[in-house]
Amino acid sequence: MTSTDVAGAFHQRFGVSPSVVTQAPGRVNLIGEHTDTSEGFVFPTAIDRRVWVAARVVEGPSRLVSDRLGDAEPFDTRGEIPGDWSRYAAGMAKELASWAGRPMPNLEAYVASDLPIGSGLSSSAAMEMAFGVLWQELLRLDLSGRELARLGQQCEHEHIGVQCGIMDQMASALGRAGHAMFIDTRNLDLAYVPIPSTLTIVVCDTMKPRELSDSAYNERRLQTIEASEVLKTCTLRDATAEQIEGGRDQLGEVRYRRARHVQSENERCHRFVDALREGEIDQIYVLMRQSHESLRDDFEVSCPELDAMAEACWQAPGCIGARMTGAGFGGACVALVERGRTSVFREAVSAHYLLHVADRMPRFLVCESADGAAVAG
Ligand code: GLA
C-alpha cells in the first residue's frame with residue numbers, strides 16, 4: 001500500500017483530491033509486557049504494517065470511510081464522541097483541541113490499513129497517531145511525538161474506556177526502522193537499539209480475536225495498583241523481589257502473582273536489551289520463554305491458543321525466541337527467527353499449532369521494523 005493508492009481511493013470516494021495523507025505503524029512488543037501500567041520498561045518496535053489516512057477539511061460534519069471497517073456515522077469534532085470505530089479519530093480531535101485550546105476542523109477522510117485488527121498489533125494506537133499527525137499537519141501544531149503519544153493514551157482513557165499504558169502510542173509515534181525502542185515509561189526516556197540484520201520478526205497470529213479483553217485489562221491494572229498500595233511503593237516498578245516475597249501474605253495470592261510478574265518482567269526487559277546488544281542468542285530464547293510463562297502463570301493473560309502457538313515456536317527450526325505479545329487473551333505471538341529460515345519456521349509452527357488448535361488456521365506476518373507516524377504525501 002502506498003500514499004498514492006490511498007489518495008486514489010479518497011478521490012474515487014469523494015470526487016476530489018485529499019489535502020494530506022498520513023500513516024502510522026502498528027507495533028510488536030519484543031519484551032516488557034504489562035509493565036507500562038506500572039511505569040515500567042518496555043521494548044517494542046514499530047512494524048511495516050500501517051494505518052493510512054487521506055483527508056481534507058470540510059465544513060462539518062466529519063465523514064470517515066474505511067476500506068475495512070465500512071462507513072462511519074457522520075460526527076462533529078465539537079460534539080459527542082460517536083459509538084463506532086470513528087471514536088478513535090473523534091477522541092483524538094477532542095484531546096488535540098484541549099491541548100491546542102481550539103477545536104479541530106471536521107474532515108472527510110479515507111482510512112486504509114494493512115495492519116490486522118484485533119491481533120494485538122495496536123491498530124487502535126496506529127489510528128490515533130495517524131489522525132493525530134493529520135490534524136497536527138493541517139493546523140501546523142507544534143507537538144512532539146511524545147506529546148502526541150500522551151494524547152493518544154489520554155484518548156483511550158477518556159473516550160475508549162481502556163486504561164492502557166503508553167507503549168503502543170510511543171512505538172507508533174516514534175518508531176525507527178531497524179531498531180527496537182527501550183522505553184522507560186515513567187519518564188518516557190527512550191533508547192533506540194539496533195535489531196541485528198540476521199533476525200527477522202515473525203508475528204504468529206493465533207486468529208483468536210481478543211474478545212472481552214478490555215475489561216480484563218482494566219482489572220489487571222487495578223490489581224497492580226492495589227498490590228503497590230499494599231507494598232507501599234509508588235508503583236510496582238519500585239517494588240523489589242524481596243519486598244514482594246515479604247509481602248506475600250498481605251498481598252494475597254492473586255496480587256502477589258501479579259506483582260511478581262511485573263517485577264520479574266522489568267528485570268527481563270533490561271536483560272533482554274543487554275543480550276540483544278551483546279548478541280547473546282541463548283539468553284534471548286530463555287528470556288522470551290520466561291516472559292511468556294510469567295504472563296501465562298502469574299499475570300494470567302494468555303489463553304490455550306497463545307500457549308499452543310508459543311510452544312510451536314519454541315520447537316520450530318530457526319527460532320531465536322518467542323512469546324505472546326500485546327495485551328493477550330488472544331492475538332499473536334512474536335518470534336525472532338533466523339533470517340532465511342522463515343519458511344521452514346512457518347511450516348513447522350503451523351503444523352504444530354494445528355495439532356493443538358484444530359479449528360483455527362494461523363496467519364503469519366513477516367515484518368520489518370519501521371519508522372513512526374508521519375505525513376506520507
Ligand atoms: C496493550 C496496552 C499497552 C500495554 C500492553 C501490554 O497493548 O495498550 O499499553 O499495556 O497492552 O503490555
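Just so you know, ligand 1 is whichever comes first in the structure, and atom 1 is the first atom listed for that ligand.
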Participant: Can you list the atoms of ligand 1 that are under 4.0 Å from a heavy atom of Ala327?
Facilitator: 1 (C), 11 (O)

Participant: Give the numbers and elements of all ligand 1 atoms closer than 4.0 Å to a heavy atom of Tyr217.
Facilitator: 1 (C), 2 (C), 3 (C), 4 (C), 9 (O), 10 (O), 11 (O)

Participant: Which ligand 1 atoms are under 4.0 Å away from a heavy-atom of Met167?
Facilitator: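 With Met167 as reference, the close atoms of ligand 1 come out as 4 (C), 5 (C), 12 (O).
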
Participant: Among Arg268, Arg296, Arg323, whose salt bridge (charged side-chain N to carboxylate O under 4.0 Å, His left out) with Glu33 holds?
Facilitator: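 Exactly one pass, corresponding to Arg323.
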
Participant: Would you check whether His34 has a nitrogen or oxygen atom less than 3.5 angstrom from a nitrogen or oxygen atom of ligand 1?
Facilitator: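 Yes; the residue has a nitrogen or oxygen that sits under 3.5 Å from a nitrogen or oxygen of the ligand.
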
Participant: To the nearest 0.1 Å, how far is atom 7 (O) of ligand 1 from its closest protein heavy atom, and which atom is that?
Facilitator: Asp168 OD2, 2.8 Å

Participant: Hydrophobic side-chain clustering at under 4.5 Å (ILVMFWY, transitive links): who's grouped with Val42? Put none if nobody.
Facilitator: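 For the cluster that includes Val42, the remaining residues are Ile166, Met167, Met170, Leu174, Met181, Ile183, Leu188, Leu190, Tyr192.
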
Participant: Could you say whether the N/O atoms of Asp36 and ligand 1 ever approach to under 3.5 Å?
Facilitator: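 N/O-N/O distance under 3.5 Å: yes.
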
Participant: Please name all residues satisfying salt bridge (charged side-chain N to carboxylate O under 4.0 Å, His left out) with Arg258, sequence neighbours left out, ordered by chain then number.
Facilitator: Glu300

Participant: Can you report which non-hydrogen protein atom sits closest to atom 6 (C) of ligand 1, along with the distance?
Facilitator: Glu33 OE2, 3.3 Å

Participant: Would Arg237 and Asp184 pass as an ion pair if we require N to O under 4.0 Å?
Facilitator: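 Yes, this pair counts.
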
Participant: With the threshold set at 4.0 Å, does a side-chain nitrogen-carboxylate oxygen contact exist between Arg186 and Asp238?
Facilitator: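 Asp238 and Arg186: salt-bridged.
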
Participant: Hey, what's the ring geometry for His292 with Trp314, parallel, tilted or perpendicular (30° and 60° as the breaks)?
Facilitator: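 Taking Trp314 first and then His292, their aromatic rings stand perpendicular (interplane angle over 60°).
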
Participant: So Phe182 and Phe43, would you call those rings parallel, tilted or perpendicular, with 30° and 60° as cut-offs?
Facilitator: perpendicular

Participant: Which atoms of ligand 1 are found less than 4.0 Å from any heavy atom of Gly165?
Facilitator: 9 (O)

Participant: Would you call Arg27 a ligand 1 contact, heavy-atom distance under 4.0 Å?
Facilitator: yes

